[in-house]
Amino acid sequence: MIRTVEAEPHVSAPVLAAYSYCEAVTGQQARNFAYGIRLLPMSKRRAMSALYAFSRRVDDIGDGSLAPDVKAARLEDTRAMLARVREGVVTEDDTDPVAVALTHAATAFPIPLGGLDELIDGVLMDVRGETYETWDDLKVYCRCVAGAIGRLSLGVFGTEPGARGVERAPEYADTLGLALQLTNILRDVREDAGDGRTYLPADDLAKFGCSAGFSGPTPPQGSDFAGLVHFEVRRARALFAEGYRLLPMLDRRSGACVAAMAGIYRRLLDRIERDPEAVLRGRVSLPGREKAYVAVRGLSGLDARHVTRRAVRRRA
C-alpha cells in the first residue's frame, strides 16, 4: 500500500524560498496544472510544484532552439542534478532552487524519482525526432513524459488506508497520464507540425488519409480528419475511464486535485470532438470560469463517487 508521508511541520527559510520559486514557475507556466494543485494542502502543493518546476526545465530544454547535441548534453546535466537529489547531497544553500525544493519534497514524500529519469528519456526521444508507427510505439513515449508524472504525483498524494484494489493505483495513475498526454497531442497537432514533430501514430494517419501532415488551418485534401480525431478521442476516453479508477483510492483533497486536472482535459476533449478542425485553426482552451467549475466539482467528490458507484454496479 502506498501511504502518505506527512511533511515536516517546520520548513527552513532557504527551502521555503526554493519552494516559492517553484510555485512561481508553476503559476506562470502551467495554468491547468495550477488549478488542480491549489486544492491540495500546503505540503503537497509545494511538493507538486517542485516536480513541475523540474519537469518544466526538462521540457524547456527539449522545446528550445539549441542544436540537438547541445540539448542532449543539457538534459544529461539535468539528469546529473537529479542524481544529486537522489543521493541526498543537495544542501539548503545550493544555488539551484529546483534541486533544493525537490530534495526536500523527496524526503517528505515517497516520490519515485526514477520517473523523472523517464521524463528525460522521453524528451530525448523528442530531441532525436522520433516518430511512432503504432499506438503501442506512442504509448512508450507517453508513459515517459506523462505516465511517469502520474506515478510521481501518486507518491505525493498517497492512498487511503483500506482502499479496494490499491495495489493497482500506480497503474491507474500511469493510464491517466496517458489520457492527458493524448489529449495534449490532439490539441497541439498543428503547433507540433510547425515544429517538425508528428506524434500521432503513422498507422492512424494513413488509415484516415492524413499522412501528408497538418501544415495549415485545413485538413489534408481528401482526408477524413474528423474521423481521425474522433478515433483518437475514443481512445483517450477509454484511457480516462480506466485512469479514473484511481480517484476512490485517494483522500478527498488529492482526489479533488486529480479530478480537477483530468476534468479540464476531458472538457478540452469534448470541445475537440465537437469541432475537430478547431485544433488546426488555433489552440483549444477553456475559459477560467469553466476551469473553476471543474475544480469545485472535483472538490465535491462527484467524480470519485461516480467511479465508486460504477464499480459497485459491475460487481453486482
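Side chains are part of it too, since the values below use all heavy atoms of this structure and drop only hydrogens, waters and symmetry mates.
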Test item: [X] side-chain N/O and [Y] main-chain N/O as donor-acceptor pair under 3.5 Å:
X: Asp251; Y: Ser254; value: yes
X: Arg281; Y: Pro217; value: no
X: Arg45; Y: Ile37; value: no

How about [X] and [Y]: do any of their side-chain heavy atoms sit closer than 4.5 Å?
X: Leu280; Y: Thr218; value: no
X: Phe225; Y: Cys210; value: yes
X: Tyr172; Y: Leu247; value: no
X: Leu205; Y: Phe214; value: yes
X: Arg237; Y: Glu273; value: yes
X: Cys22; Y: Arg46; value: no
X: Met81; Y: Val85; value: yes
X: His104; Y: Val90; value: no

Quick one: pull up [atom1] in [X] and [atom2] in [Y] and give me the separation to the nearest 0.5 Å.
X: Thr159; Y: Arg168; atom1: OG1; atom2: CZ; answer: 15.0 Å
X: Cys142; Y: Trp135; atom1: SG; atom2: CH2; answer: 5.0 Å
X: Leu66; Y: Ile61; atom1: CG; atom2: CD1; answer: 8.5 Å
X: Asp204; Y: Glu133; atom1: CG; atom2: CD; answer: 10.5 Å
X: Leu138; Y: Tyr132; atom1: CG; atom2: OH; answer: 7.0 Å
X: Met48; Y: Ser55; atom1: CE; atom2: OG; answer: 9.0 Å

Worksheet item: Is the number of heavy atoms from other residues, nucleotides or ligands within 6.0 Å of CZ (Arg56) greater than 12?
Response: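 Above 12, so yes.
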Discussion item. Take a 6.0 Å sphere around OH of Tyr21 and say whether it holds more than 12 heavy atoms from other residues, nucleotides or ligands.
Written reply: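 12 or below, so no.
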Discussion item. Is there a side chain to side chain contact (heavy atoms under 4.5 Å, CB included) between Phe208 and Glu232? Walk through the geometry before answering.
Written reply: CA-CA 11 Å; Phe208 293 95; Glu232 304 296 351; over 6 Å; no
Worksheet entry | CA sep, side-chain torsions, deciding dist, call: Thr198, Asp192, side chain to side chain contact (heavy atoms under 4.5 Å, CB included) | CA-CA 7 Å; Thr198 301; Asp192 290 332; over 6 Å; no
Worksheet item: Do Tyr265 and Phe240 have their ring centres less than 6.0 Å from each other?
Response: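 Ring centres of Phe240 and Tyr265 not closer than 6.0 Å.
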Worksheet item: Sequence neighbours excluded, which residues qualify as side chain to side chain donor-acceptor pair (under 3.5 Å) partners of Arg234?
Response: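 For Arg234, no residue satisfies side chain to side chain donor-acceptor pair (under 3.5 Å) once neighbours in sequence are set aside.
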Discussion item. Would a single hydrophobic cluster contain both Leu16 and Val156, if residues Ile, Leu, Val, Met, Phe, Trp and Tyr are joined by side-chain heavy-atom contacts under 4.5 Å?
Written reply: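 Per the 4.5 Å side-chain linkage, Val156 and Leu16 are co-clustered.
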Worksheet entry | Single-linkage hydrophobic cluster, 4.5 Å side-chain cutoff, Val89 and Phe54 together |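 Different clusters.
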Practice prompt. Just grab all the ring-ring contact (aromatic ring centres under 6.0 Å, His included) pairs involving residues 266-286, residues at least two apart or on different chains.
Written response: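 Found none.
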Item to complete: Decide side chain to side chain contact (heavy atoms under 4.5 Å, CB included) for Lys44 and Arg253; before the verdict, give the C-alpha distance in whole Å, the side-chain angles of both, and the deciding distance to 0.1 Å.
Response: CA-CA 10 Å; Lys44 292 184 179 183; Arg253 291 177 70 176; over 6 Å; no
Discussion item. Assess the residue pair Leu51 and Leu116 against the criterion (side chain to side chain contact (heavy atoms under 4.5 Å, CB included)); give the C-alpha distance rounded to whole Å, side-chain angles, the decisive distance to 0.1 Å, and a yes or no.
Written reply: CA-CA 8 Å; Leu51 287 173; Leu116 294 176; 4.2 Å; yes
For [X] versus [Y], what's the shortest heavy-atom pair and its separation?
X: Ala179; Y: Leu239; value: CB-CB, 3.6 Å
X: His230; Y: Pro276; value: NE2-CG, 3.7 Å
X: Pro68; Y: Val127; value: O-CG1, 3.5 Å
X: Leu286; Y: Ile264; value: CD1-O, 3.5 Å
X: Gln181; Y: Val145; value: CD-CG2, 3.8 Å
X: Arg245; Y: Pro248; value: O-CD, 3.3 Å

Discussion item. Please tell me whether Tyr52 and Asp59 have a donor and an acceptor in their side chains that are separated by less than 3.5 angstrom.
Written reply: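 No.
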Worksheet entry | Lys139 bridged to Asp136 by N-O distance under 4.0 Å |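 Salt bridge: yes.
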Worksheet entry | Carboxylate-amine/guanidinium proximity below 4.0 Å for Arg197 and Asp63 |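 Result for this pair is yes, salt bridge flagged.
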Item to complete: Could you name each residue pair satisfying side-chain hydrogen bond (donor to acceptor under 3.5 Å, both in side chains) that touches residues 80-100, not counting sequence neighbours?
Response: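 Every pair satisfying side-chain hydrogen bond (donor to acceptor under 3.5 Å, both in side chains) with a residue in residues 80-100: Ser12-Glu92, Arg57-Asp96, Arg84-Asp94, Arg86-Asp117, Thr91-Asp93.
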